[in-house]
Amino acid sequence: MPDAFDPIAVMQALDRQRVTYIVIGGLGRVIHGSDELTHGLDIVPSTREENLRRLGLALDELNAQRPKGARPDLQRDLGREPVLELLTDAGELTIVPEPAGTRGYDDLRRAANREPLGHGVRPWVASIGDHTRMLAALNREQDLVPLRTLRRLIELERELSRGLSIDR
Amino acid sequence: MTSGTLIREARLRAGLSQVELSERSGKDRAQIARWERDVVQPSFETLRELVRACGFDLEAALVPYQADKKHDARLQKTLQRSPQERLQTMLKARGG
């Protein structure tokens, strides 16, 4: 599997199959302004049956495989594992039906925003507050830096919206 | 972190709606919404009451702090970019 990472191509495939999902994780944080590097796309799909069927079609199109090479079976795999890690022709794709500290798609959708990313792709992206909530709930040492960055971004955004600190 | 994000994070981690937090804390729901949006800031005592109503506590401690001005400058720069530019910048940096 190539080391490519083309999140736009993954999202275009999801859009072609009309999959309903929300972007979370490192890429979601980058879209909010975090200065980290990330190597995959994490999504929270709606777990409605028809949406999972569409997601399956998109995964076929992307030639998605489990790390050991098996083809994913969404109904079976998502019933057994809280997180489904996949390799696709366009890079890593992680499916997280219920991220830590949340109740899944419907919960995150309330505060999510559609963000234009180019090439006609405008995914729903979890809010920066919800990204903070997810990282805090994981309570992992490796997330301390991104968590601090998100909290600082929230402060800077507030200052920016009040015109306190940034000369534009 | 702002007081608003702290209240919202505590409320959501407790699985409470604003109405439920209002009932538990005795504070007006609309006021809770304003605090969460950082339109106005609660006092420290009120913030602690709200967090406790969610089943958490707020431990205040003085710890050394030094602003990371370089990091702040980087973040301020990314905030001035569009989401599309932020993504492209990251992908470019990732590619070396």
Side-chain angles (χ1 to χ4, degrees), chain A residues 4-8 23 26-39 100-103 107-108 110-111 113-119 121-123 125 127-130 132-137 145 147-162 165-168, chain B residues 1-20 32-41 51 54-56 58-59 63-96:
Chain A
F5 179 42
D6 185 351
I8 294 291
V23 175
L27 198 79
R29 297 193 295 270
V30 165
I31 292 167
H32 281 295
S34 176
D35 55 352
E36 63 194 282
L37 296 181
T38 186
H39 307 278
T102 79
R103 291 191 295 277
D107 181 12
L108 292 170
R110 279 195 287 272
N113 282 307
R114 289 191 79 181
E115 302 289 0
L117 300 180
H119 305 278
V121 173
R122 286 182 68 220
V125 179
S127 71
I128 192 166
D130 282 335
T132 307
R133 175 163 58 120
M134 288 183 267
L135 276 189
V145 171
L147 186 55
R148 204 176 302 134
T149 297
L150 283 184
R151 288 174 169 158
R152 186 64 186 136
L153 277 169
I154 291 171
E155 292 171 350
L156 291 171
E157 272 186 339
R158 297 271 191 258
E159 289 172 10
L160 186 63
S161 65
R162 291 174 188 151
S165 71
I166 298 177
D167 295 323
R168 307 195 85 181
Chain B
M1 177 163 230
T2 66
S3 52
T5 52
L6 191 58
I7 295 166
R8 185 167 189 273
E9 191 176 319
R11 177 176 65 76
L12 292 174
R13 281 174 67 177
L16 298 174
S17 65
Q18 288 183 344
V19 172
E20 288 167 327
I32 290 173
R34 283 192 288 273
W35 283 326
E36 287 195 3
R37 292 199 310 273
D38 286 310
V39 176
V40 287
Q41 280 74 43
V51 168
C54 296
F56 300 99
L58 198 58
E59 284 188 10
V63 295
Y65 170 73
Q66 195 165 15
D68 187 343
K69 289 182 180 171
K70 279 187 183 170
H71 192 221
D72 274 5
R74 270 206 315 275
L75 295 180
Q76 285 176 330
K77 202 171 169 185
T78 67
L79 282 178
Q80 297 192 46
R81 296 188 182 118
S82 69
Q84 180 178 349
E85 289 167 336
R86 293 171 195 163
L87 174 61
Q88 292 306 325
T89 303
M90 187 279 291
L91 290 174
K92 202 180 286 180
R94 183 184 174 273

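Any value given below was found using the heavy atoms of this structure, including those in side chains, with hydrogens, waters and symmetry copies removed. In what follows, chains are A, B, ... by sequence order, proteins preceding strands, each numbered from 1.
- Most heavy-atom pairs under 4.5 Å with chain B: of the set A:I154, A:D35, A:D107, this distinction falls to A:D35.
- Counting only residues at least two apart or on different chains, the salt bridge (charged side-chain N to carboxylate O under 4.0 Å, His left out) pairs with a member in residues 64-73 of chain B are A:R152-B:D72.
- Closest non-hydrogen pair, B:R86 versus A:I31, comes out as NH1-O, 2.6 Å.
- Between B:G15 and A:R103, the shortest heavy-atom contact is CA-NH1, 3.7 Å.
- Within the 4.5 angstrom heavy-atom criterion, atoms from both the backbone and the side chain of A:D130 approach chain B.
- Residue A:T102 does not touch chain B at all, counting heavy-atom pairs closer than 4.5 Å.
- Looking at heavy atoms from C-beta onward, A:R158 lies in side-chain contact with B:T5 at the 4.5 angstrom threshold.
- Considering only heavy atoms from C-beta on, A:L27 comes within 4.5 Å of B:M90 through its side chain.
- Interface check for chain B: of the options A:V30, A:V121, A:L150, A:I128, the most heavy-atom pairs under 4.5 Å are formed by A:V30.
- Contact annotation for A:E157: both backbone and side-chain heavy atoms come within less than 4.5 Å of a heavy atom of chain B.
- In this structure, CG on A:L153 lies 4.5 Å from CG on B:L75, to the nearest 0.5 angstrom.
- Minimum interatomic distance between A:S127 and B:R8 (heavy atoms only, all atoms of both residues): OG-NH1, 4.4 Å.
- In this structure, the side chain of B:R94 does not engage the main chain of A:L37 through any donor-acceptor pair within 3.5 Å.
- Shown here for B:L91 and A:P7, the closest heavy-atom pair between the two residues is CD2-CD, 4.0 Å.
- Side-chain contact between B:P83 and A:V125 is absent, with no heavy-atom pair separated by less than 4.5 Å.
- Side-chain atoms of B:L87 and A:I8, non-hydrogen and from C-beta on, do get closer than 4.5 Å to each other.
- With contacts defined as side-chain heavy-atom distances shorter than 4.5 Å, the pair B:E9/A:R151 qualifies.
- Residue A:H32 touches chain B through its backbone alone, counting heavy-atom pairs closer than 4.5 Å.
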